[in-house]
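Below you'll find the structure, written out as structure tokens, and then a few comments.
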Amino acid sequence: MNNHVTVLEIDGNALTHNLNYFKQKLKPETKILAVVKAFGYGSDGVQVAKFLEDKVDYFAVAYSHEGIALRNAGVKTPILVLHPQIPNLKDIVTYRLEPNLYNFKIFTAFLKLADEAPLMNYPIHLKFNTGLNRLGFWHTDIPKILSSLKETNHVKVQSIFSHLAASEDLEEQDFSINQINNFAYIVQQFFKHLNYEPMLHILNTSGVVNYSKAQFDMVRVGIGLYGFGNDVKETAQLKNTHNLKSIISQIHIIKLGESVGYNRAFVAKRATKTATIPVGHADGLSRKLGNNKGFVMINNQKAPIIGNVCMDMIMVNITKIDCKEGDEVIIFNNQEMIQNIAEISETIVYETLTAISQRVNKMLKG
Ligand SMILES: *Cc1c(COP(=O)(O)O)cnc(C)c1O
């Protein structure tokens with residue numbers, strides 16, 4: 001916590017609403033894994049996890065240090081580490097995190113560690129590549145995996161999973177269904193030769209929306225919890241969780257011909273009233289939002305960003321807005337504003353949210 005006046009308020013009620021929205025799309029027995037990687041998609045992974053821990057079955061983070069932060073905050077829920085590395089495996093065990101083992105190099109390293117410790121039935125997760133071609137074993141690796149597993153009771157396969165490459169894109173429906181079928185085939189091979197049944201999961205947010213039949217035992221919801229369904233209709237059913245607010249630090253009256261900001265990018269064609277706001281590209285606002293492309297809201301009116309976005313500040317045009325120094329500034333507080341920023345920044349909302357930097361104060365309410 002810092003006392004930077006630029007604050008990202010995380011709406012707890014919206015998180016709960018979004019979680020319940022996905023729950024009602026699923027069978028009551030389907031488990032929910034909440035993805036809280038990358039600081040809870042640019043919010044605060046620890047605060048989000050503490051808030052959700054009684055309402056979900058699992059958490060996932062990308063890297064082990066993100067999981068350690070959750071454990072240090074007292075989170076007891078199982079935590080899947082999606083992208084561990086061999087040097088992290090000791091910490092993973094110390095903090096009772098559950099590694100995704102995606103190739104023989106890390107699988108063998110973990111089995112060795114588990115044998116030496118020795119661990120008993122330590123939960124591991126096996127990821128299979130079904131077409132994303134990012135992380136994961138190939139189906140041809142199954143016999144070798146099975147023979148290693150037969151020789152040990154130091155680990156236990158808690159789940160087998162895969163990840164869809166284009167779950168949000170209905171033009172790629174054939175590809176996605178093929179991935180799901182490949183996954184089902186892989187799982188069958190395991191079930192034939194293991195004397196227990198690991199959990200299965202393949203769906204992310206837009207997978208739940210478009211392929212809910214493939215929910216298996218658990219789904220992994222990330223962006224949906226934070227208010228985006230990858231589709232206008234779905235997003236309209238969700239509530240916004242990320243509200244970025246600041247205040248007006250200073251107001252200037254600029255005369256005709258005077259300029260504002262670096263490189264004199266804005267030159268006043270008439271007398272102009274400007275407000276300086278303590279949020280800049282180091283807080284996660286793209287420089288693409290400068291020069292009248294992006295705006296903030298002050299007293300319910302649009303104030304366009306003029307000139308270049310600075311590292312720590314923006315200047316906005318408030319000529320027509322009745323406001324004073326210290327007044328509240330909304331950088332975004334709904335999905336439409338976030339989508340607009342993503343579009344102007346030539347990216348997707350995932351990047352706009354995760355770009356919100358660690359300098360911004362984060363506060364969960366609700
Ligand atoms: C990030 C991630 C998710 C969450 O995806 P969303 O589209 O945000 O729901 C699920 N699974 C894996 C493997 C991921 O890396």
Side-chain angles (χ1 to χ4, degrees), residues 14-15 18-19 21-23 25-26 30-43 45 48-49 52 56-64 66-67 70 78-85 97-103 106 124-137 158-170 172 176 179-180 183 199-212 214-231 234-235 237-238 240-242 335 338-339 342 347-356:
L15 281 172
N18 297 339
L19 176 65
Y21 176 76
F22 287 100
K23 276 190 177 165
K25 281 183 177 289
L26 299 164
T30 302
K31 291 188 163 66
I32 305 242
L33 174 153
V35 182
V36 294
K37 63 191 178 188
F39 305 101
Y41 288 49
S43 63
V48 170
L52 291 178
V56 300
D57 302 283
Y58 251 88
F59 288 117
V61 294
Y63 299 111
S64 56
E66 297 176 307
L70 299 189
I79 300 170
L80 164 59
V81 180
L82 292 166
H83 198 169
Q85 307 288 347
L97 304 171
E98 303 182 9
N100 164 24
L101 304 177
Y102 46 88
N103 65 10
I106 195 159
I124 60 168
H125 301 257
L126 299 177
K127 186 172 201 179
F128 279 85
N129 176 23
T130 54
L132 180 58
N133 294 327
R134 192 172 73 173
L135 286 183
F137 285 106
Q158 183 74 4
S159 87
I160 301 173
F161 74 111
S162 188
H163 195 35
L164 298 174
S167 58
E168 75 279 19
D169 184 356
L170 288 176
E172 294 290 358
S176 299
Q179 278 195 273
I180 291 165
F183 181 61
M199 286 194 299
L200 310 173
H201 46 111
I202 191 167
L203 301 181
N204 66 332
T205 297
S206 43
V208 175
V209 171
N210 291 329
Y211 304 99
S212 67
Q215 61 194 267
F216 295 99
D217 301 305
M218 185 159 80
V219 297
R220 306 185 301 269
V221 187
I223 197 80
L225 281 177
Y226 308 104
F228 293 89
N230 277 330
D231 155 325
E234 293 294 328
T235 297
Q237 303 293 316
L238 299 169
N240 185 49
T241 56
H242 286 47
Q335 290 111 318
I338 296 169
Q339 257 151 352
T347 185
I348 54 176
V349 294
Y350 290 82
E351 188 179 346
T352 299
L353 296 183
T354 56
I356 304 163

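Counting starts at 1 for both ligands and their atoms, following the listed order. The shown structure was predicted, so the numbers you read here are calculated from the model rather than taken from an experiment.
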Exercise. Using the test side-chain contact (heavy atoms from CB on, under 4.5 Å), find all partners of Asp217 that sit at least two apart in sequence or belong to another chain.
Key: Met199, Leu200
Exercise. Would you check whether Tyr350 reaches within less than 4.0 Å of ligand 1, judged by its heavy atoms?
Key: yes
Quiz prompt | Location of contacts on Glu168 toward ligand 1, heavy atoms closer than 4.0 Å | solution = neither
Quiz item: Is the centre of the Tyr58 ring less than 6.0 Å from the centre of the His125 ring?
Solution: yes
Self-check item: Centroid-centroid under 6.0 Å between His201 and Phe161 rings
Solution: yes
Practice problem: Select one of side chain, backbone, both or neither to describe which atoms of Ile223 lie under 4.0 Å from any atom of ligand 1, heavy atoms only. | Solution: both
Quiz item: Do the two ring centres, one from His242 and one from Tyr41, sit under 6.0 Å apart?
Solution: no
Practice problem: Find the distance between CG (Leu82) and CZ (Arg220) and round it off to the nearest 0.5 Å. | Solution: 7.0 Å
Quiz item: Where's the contact between Asn230 and ligand 1, heavy-atom distance under 4.0 Å: side chain, backbone, both or neither?
Solution: neither
Exercise. Heavy-atom contacts with Lys127 under 4.0 Å: which atoms of ligand 1 show up? List them by number with element.
Key: 13 (C)
Quiz item: Under a 4.0 Å heavy-atom limit, does His163 contact ligand 1 with its side chain, its backbone, both, or neither?
Solution: side chain
Exercise. Could you list the atoms of ligand 1 found under 4.0 angstrom from a heavy atom of Arg134?
Key: 15 (O)
Practice problem: Using a strict cut-off of 4.0 Å, indicate which atoms of ligand 1 neighbour a heavy atom of Asn204. | Solution: 5 (O), 6 (P), 7 (O), 9 (O), 10 (C)
Quiz item: To which protein heavy atom is atom 11 (N) of ligand 1 closest, and what is the distance rounded to 0.1 Å?
Solution: Arg220 NE, 2.8 Å
Practice problem: Run the numbers for me: atoms of ligand 1, each under 4.0 Å from some heavy atom of Tyr41, listed by number. | Solution: 1 (C), 4 (C), 5 (O), 6 (P), 8 (O)
Exercise. Under the salt bridge (charged side-chain N to carboxylate O under 4.0 Å, His left out) rule, collect the residues that match up with Glu234, sequence neighbours excluded.
Key: Lys25
Quiz item: Would the Tyr102 and Phe128 ring centres measure less than 6.0 Å apart?
Solution: no
Quiz prompt | Proximity of His201 to ligand 1 by residue part, where a heavy atom lies under 4.0 Å | solution = neither
Quiz item: Considering only the protein, which heavy-atom contact is closest to atom 9 (O) of ligand 1, and what is its distance?
Solution: Thr205 OG1, 2.5 Å
Self-check item: Atoms in ligand 1 with a heavy atom of Lys37 nearer than 4.0 Å
Solution: 1 (C), 2 (C), 3 (C), 14 (C), 15 (O)
Quiz item: Under 3.5 Å, is there a donor-acceptor pair between the side chain of Gln215 and the main chain of Thr30?
Solution: no
Quiz prompt | Asn18 side chain vs Tyr21 backbone, donor-acceptor pair below 3.5 Å | solution = no
Quiz item: Do any nitrogen or oxygen atoms of Val221 lie less than 3.5 angstrom from nitrogen or oxygen atoms of ligand 1?
Solution: no
